[in-house]
*Asks:* 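The following block contains the structure, expressed as structure tokens.
This chain uses plain numbering: 1 for the first residue, then up along the sequence.
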Amino acid sequence: MTTKWIIGLCWRCDAEGIPVLWLGPVQTIDYGHAPFSCCEPCVRRLEALTLAHNSRGQSVA
């Protein structure tokens with residue numbers, strides 16, 4: 001996977017004007033779709049949540 005960081009808005013923590021990585025599209029029932037981008041700390045948090053979800057017996061803190 002190629003990582004291309006751009007300056008933008010983190011959709012998880014609302015930080016603006018920082019490097020963010022596009023993670024994929026977000027879709028809603030009422031408003032269509034939009035690009036989902038996160039900053040490095042939020043990407044790491046999402047990775048930790050994904051690991052916890054896929055590991056048996058671990059809770060997400």
Side-chain angles (χ1 to χ4, degrees):
M1 177 178 149
T2 303
T3 52
K4 184 176 180 185
W5 295 86
I6 62 167
I7 302 301
L9 168 71
C10 177
W11 276 44
R12 187 169 183 275
C13 72
D14 290 329
E16 294 185 54
I18 59 170
V20 294
L21 180 66
W22 179 78
L23 299 178
V26 172
Q27 290 184 293
T28 68
I29 293 171
D30 295 328
Y31 302 109
H33 65 279
F36 179 67
S37 299
C38 288
C39 64
E40 185 177 357
C42 289
V43 168
R44 290 185 189 278
R45 178 63 179 143
L46 290 170
E47 288 174 343
L49 289 167
T50 303
L51 175 62
H53 173 79
N54 289 309
S55 299
R56 292 183 219 220
Q58 294 196 8
S59 63
V60 176

*Asks:* In the hydrophobic clustering that connects Ile, Leu, Val, Met, Phe, Trp and Tyr at side-chain heavy-atom distances below 4.5 Å, which members other than Val20 occupy its cluster, ordered by chain and number?
*Replies:* Ile6, Ile18
*Asks:* If you compare all heavy atoms of Leu46 against all heavy atoms of Leu23, which two are closest, and at what distance to 0.1 Å?
*Replies:* CD1-CD1, 3.6 Å
*Asks:* When rounded to the nearest 0.5 angstrom, what is the spacing between CD in Glu47 and CD in Glu40?
*Replies:*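 Rounded to the nearest 0.5 Å, the CD-CD separation comes out at 9.0 Å.
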*Asks:* For Glu16, check side chain to side chain donor-acceptor pair (under 3.5 Å) against everything at least two apart and list the hits.
*Replies:* none
*Asks:* Sequence neighbours excluded and cut-off under 3.5 Å, please list the side-chain donor-acceptor pairs for residues 28-39, or say none.
*Replies:*
{"residue": "Thr28", "atom": "OG1", "partner": "Tyr31", "partner atom": "N", "Å": "2.8"}
{"residue": "Thr28", "atom": "OG1", "partner": "Gly32", "partner atom": "N", "Å": "3.3"}
{"residue": "Thr28", "atom": "OG1", "partner": "Gly32", "partner atom": "O", "Å": "3.4"}

